Amino acid sequence: METSIIKIGNSKGLRLSKTILEKYNIKDKVELILEEEQIILKPIALPRKNWEKEFKKMSENGDDKLLMNDVFDDESLEEWN
């Protein structure tokens, strides 16, 4: 696909069609990767999207319990005082 570089203020930019934006789920930002002879644009995923909902579900299911004690029985905390 060929596309034109357009003037945006004092800079230049690349216009992406609505079809491309939707197909690759591009919202407000992209990751710009510079490699030999090419520029790669990658959508920025939201890795923590919906975490609040998932944590709530874990709590409701009782899946948010510690797997091990945060302080061991033989641990002495006196050295930190």
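Residue numbers run from 1 in the order of the sequence given. Remember, it's a predicted structure, so these values are computed and weren't measured experimentally.
- Both Leu21 and Ile39 are members of a single hydrophobic cluster when ILVMFWY side chains are connected at heavy-atom separations under 4.5 Å.
- Transitive grouping of hydrophobic side chains (ILVMFWY, heavy atoms separated by less than 4.5 Å) keeps Met1 and Ile6 in distinct clusters.
- Note on Leu16: it clusters hydrophobically with Leu32, by side-chain heavy-atom contacts below 4.5 Å among ILVMFWY residues.
- Across all their heavy atoms, Leu14 and Ser4 have their closest contact at CD1-O, 4.0 Å.
- Residue Ile26 holds its CD1 atom at 7.0 Å from CG of Leu41, rounded to the nearest 0.5 Å.
- Heavy atoms from other residues, nucleotides or ligands lying under 6.0 Å from CD of Glu52 number 12 at most.
- A donor-acceptor contact shorter than 3.5 Å links the side chain of Lys7 to the backbone of Gly9.
- Looking only at side-chain heavy atoms (C-beta outward), Lys42 and Val30 stay at 4.5 Å or farther from each other.
- The hydrophobic cluster containing Ile5 also contains Ile20, counting ILVMFWY residues as joined when their side-chain heavy atoms lie under 4.5 angstrom apart, directly or transitively.
- Taking the side chain as every heavy atom from C-beta outward, Glu31 and Ile33 approach each other to under 4.5 Å.
- Considering CE of Met58 and NZ of Lys53, their distance stands at 14.0 Å, rounded to 0.5 Å.
- Checking Lys27, Lys23, Glu22 one by one against Asn25, the side chain to side chain donor-acceptor pair (under 3.5 Å) holds for a single residue, Lys27.
- Scanning for salt bridge (Lys or Arg N to Asp or Glu O under 4.0 Å) contacts around Lys57 gives Glu54, with sequence neighbours left out.
- When all heavy atoms are compared, the tightest approach of Arg15 to Thr3 is O-OG1, 3.8 Å.
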